[in-house]
**Student:** 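Following this message is one structure expressed as structure tokens.
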There are 2 protein chains.
Amino acid sequence: MVDETHRDEEEEHLARQLKARGLRPTRQRLALAKLLFGRGHRHVAAEELYQEARQAGVSVSLATVYNTLHQFTRAGLLSEVVVGSGQSYFDTHVGSHWHFFDKTTGEILDIPEDAIAFARLPAPPPGKVIDRIDVVIRVRRAEPVPEQPLGRED
Amino acid sequence: MVDETHRDEEEEHLARQLKARGLRPTRQRLALAKLLFGRGHRHVAAEELYQEARQAGVSVSLATVYNTLHQFTRAGLLSEVVVGSGQSYFDTHVGSHWHFFDKTTGEILDIPEDAIAFARLPAPPPGKVIDRIDVVIRVRRAEPVPEQPLGRED
DNA sequence: ATTTGTGCAAATCGTTTGCATCTGA
DNA sequence: TCAGATGCAAACGATTTGCACAAAT
């Protein structure tokens, strides 16, 4: 389903990007890059991207997916999204940004950049500079939860 | 080093707190509560608290530390701080507040509530309510990092 | 030909769980 | 007494690592 020898324009572009950042444009890196950057913003977990890649007929191992995700992150092509201590998500959006997160369902929703604005921000601690600002708005279903009557403790 | 039978005023207070929230004031819960709440605000990881407890001569297992941390969190005595996907931190400060986080050193610093103000916030997705808002300002040392000269990738 | 990347499986890390034993009210 | 807690060790899921093999320049 995929022509292994010929690179289309998109691949050429990606290949150049990778080279420019010191990453050899290997088959799997190109394929993953294509999945990641080919269709607008996305957040993916390693396992997820791994499945996608395999379904797309790309021969790649989970370890390589992890490696690649981290290399891309180091190269500034991805950023890591931390919403819970379970697993890591990687976001094709690199700047500061925001998310809704429902821990009961695990879903992460993007919040458009301009939907949050700060009226006041602290200066970084002495000797530090701000790298980026993450905002996670934790939400839950608006339903039951009448009131927990003390004594709940599993 | 610790009198097992007599409870000082602090312990009585903590014991009452726990009871009021449906948690039996057991030896280890009291000891952990004392470590957690005895000296102002703190963020601790489970492993950390575990070590502290043992050094304080408290006989407690790591599993119980985890249990207790979660029970306290459920009871509203602690809040979980998510800054990285590695491990969980628990914060004795329960109200809304924010954090600086330096991933290179692992340090977490509190940001007072009033140091951040929002000029605009999004409405929660339909059917959801906002549980709480987490803000993590990621920082790093303001020094070296002159510019990564391409080609770094190890 | 060299150097760098990849795949696999085993190893690690933080955290959770199952179950027998103990403890507090 | 007896429900609820605890300790231990095994189980777990996500991620990392070591090393032989393969691919890119």
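Remember, predicted model here, so these are calculated numbers, not experimental data. Chain letters run A, B, ... following the sequence lines, proteins first and then strands; every chain starts at 1.
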**Student:** Quick one about B:Ser88 and B:Glu80 (side-chain donor to acceptor, distance below 3.5 Å, no hydrogens or angles considered), yes or no?
**Tutor:**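 Distance-only check passes for B:Glu80 and B:Ser88.
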**Student:** Check whether any side-chain nitrogen or oxygen of A:Arg29 sits under 4.0 Å from OP1 or OP2 of C:dG5, and answer yes or no.
**Tutor:**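 Affirmative; the distance criterion is met.
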**Student:** Angle, rounded to 10°, between the helical axes spanning five pairs at each terminus of the helix from C:dA1-D:dT25 to C:dA25-D:dT1?
**Tutor:**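 Axis-to-axis angle, ends of the helix: 30°.
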**Student:** Between C:dG14 atom C1' and B:Leu69 atom CG, what is the distance in whole Å?
**Tutor:**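 It is 13 Å, rounded to the nearest whole Å.
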**Student:** Would you list the pairs meeting salt bridge (charged side-chain N to carboxylate O under 4.0 Å, His left out) in which at least one residue belongs to residues 88-106 of chain B, sequence neighbours left out?
**Tutor:**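 Every pair satisfying salt bridge (charged side-chain N to carboxylate O under 4.0 Å, His left out) with a residue in residues 88-106 of chain B: A:Lys128-B:Asp102.
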**Student:** Has B:Gln28 got a side-chain N or O lying under 4.0 Å from the OP1 or OP2 atom of D:dG7?
**Tutor:**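 Checking B:Gln28 against D:dG7: at least one side-chain N or O falls below 4.0 Å of OP1 or OP2.
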**Student:** Not counting sequence neighbours, list each pair that qualifies as a salt bridge (charged side-chain N to carboxylate O under 4.0 Å, His left out) and has a residue in residues 45-58 of chain B.
**Tutor:**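 Counting only pairs at least two positions apart or across chains, the salt bridge (charged side-chain N to carboxylate O under 4.0 Å, His left out) contacts touching residues 45-58 of chain B are B:Arg42-B:Glu52.
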**Student:** Just the rounded figure in Å: distance from C1' of D:dA24 to CD of A:Glu11.
**Tutor:**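 It is 15 Å, rounded to the nearest whole Å.
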**Student:** Is A:Arg24 near enough to D:dT25 that one of its side-chain N or O atoms lies under 4.0 angstrom from OP1 or OP2?
**Tutor:**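 A:Arg24 to D:dT25 OP1/OP2: no side-chain N or O under 4.0 Å.
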**Student:** Return yes if a side-chain donor-acceptor contact under 3.5 Å exists between B:Asp110 and B:His99, otherwise no.
**Tutor:**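 A donor-acceptor contact under 3.5 Å links the two side chains.
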**Student:** Can you name the side-chain contact (heavy atoms from CB on, under 4.5 Å) partners of B:Ala63, sequence neighbours left out?
**Tutor:**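 Partners of B:Ala63 under the side-chain contact (heavy atoms from CB on, under 4.5 Å) test: B:Ser61.
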**Student:** If I take atom OH in residue B:Tyr50 and atom C1' in nucleotide D:dT6, what distance separates them, rounded to the nearest angstrom?
**Tutor:**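 Value for this atom pair: 12 Å.
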**Student:** Can you list the residues that meet the side-chain contact (heavy atoms from CB on, under 4.5 Å) rule with A:Val82, with sequence neighbours excluded?
**Tutor:**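 side-chain contact (heavy atoms from CB on, under 4.5 Å) list for A:Val82, sorted by chain: B:Val82, B:Arg138.
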**Student:** CG of A:Leu23 versus C1' of C:dT6: gap in Å, rounded?
**Tutor:**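 A:Leu23 atom CG is separated from C:dT6 atom C1' by 14 Å.
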**Student:** Can you tell me how far C1' of C:dT4 sits from NZ of A:Lys19, to the nearest Å?
**Tutor:**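 The distance from NZ of A:Lys19 to C1' of C:dT4 comes to 15 Å, rounded to the nearest Å.
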**Student:** Please determine, for the side chain of A:Thr26, which listed nucleotide (D:dT6, D:dA24, D:dG7) has the closest atom?
**Tutor:**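 My answer, after comparing the listed nucleotides, is D:dA24.
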**Student:** Phosphate oxygens OP1/OP2 of C:dG5: is one of them under 4.0 Å from a side-chain N or O of A:Thr64?
**Tutor:**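 Checking A:Thr64 against C:dG5: no side-chain N or O falls below 4.0 Å of OP1 or OP2.
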**Student:** Where the side chain of B:Thr68 is defined as all heavy atoms beyond and including C-beta, which of C:dG7, D:dT6, D:dA24 is the nearest nucleotide?
**Tutor:**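 Shortest atom-to-atom distance from the side chain points to D:dT6.
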**Student:** Residues two or more places apart in sequence or in another chain: which of them pass side-chain contact (heavy atoms from CB on, under 4.5 Å) with A:Asn67?
**Tutor:**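 In terms of side-chain contact (heavy atoms from CB on, under 4.5 Å), with neighbours along the sequence ignored, A:Asn67 is linked to A:Gln71.
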**Student:** Atom pairs under 3.5 Å, N or O on each side, protein against nucleotides 15-17 of chain D: can you list them with distances?
**Tutor:**
from   : atom 1 : to      : atom 2 : distance (Å)
D:dT15 : OP1    : A:Ser88 : N      : 2.6
D:dT15 : OP2    : A:Tyr66 : OH     : 2.4
D:dT15 : O5'    : A:Tyr66 : OH     : 3.1
D:dT16 : OP2    : A:His70 : ND1    : 3.4

**Student:** Expressed as a whole number of angstroms, how long is the span from B:Gln71:CD to C:dT15:P?
**Tutor:**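 Taking atom P of C:dT15 as the reference, CD of B:Gln71 is at 16 Å.
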**Student:** Excluding sequence neighbours, so at least two apart, what forms ring-ring contact (aromatic ring centres under 6.0 Å, His included) with A:His41?
**Tutor:**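 Partners of A:His41 under the ring-ring contact (aromatic ring centres under 6.0 Å, His included) test: A:His93.
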**Student:** For B:Leu32 and D:dA5, what is the distance between atoms CG and P respectively, to the nearest whole Å?
**Tutor:**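 After rounding, the reported distance stands at 14 Å.
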**Student:** Can you list the residues that meet the side-chain contact (heavy atoms from CB on, under 4.5 Å) rule with A:Leu121, with sequence neighbours excluded?
**Tutor:**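 Residues passing side-chain contact (heavy atoms from CB on, under 4.5 Å) with A:Leu121: A:Phe118, A:Ile133, B:Ile116, B:Ile137.
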**Student:** Which whole-number value in Å describes the distance from B:Glu12 CD to C:dG24 C1'?
**Tutor:**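 B:Glu12 atom CD is separated from C:dG24 atom C1' by 14 Å.
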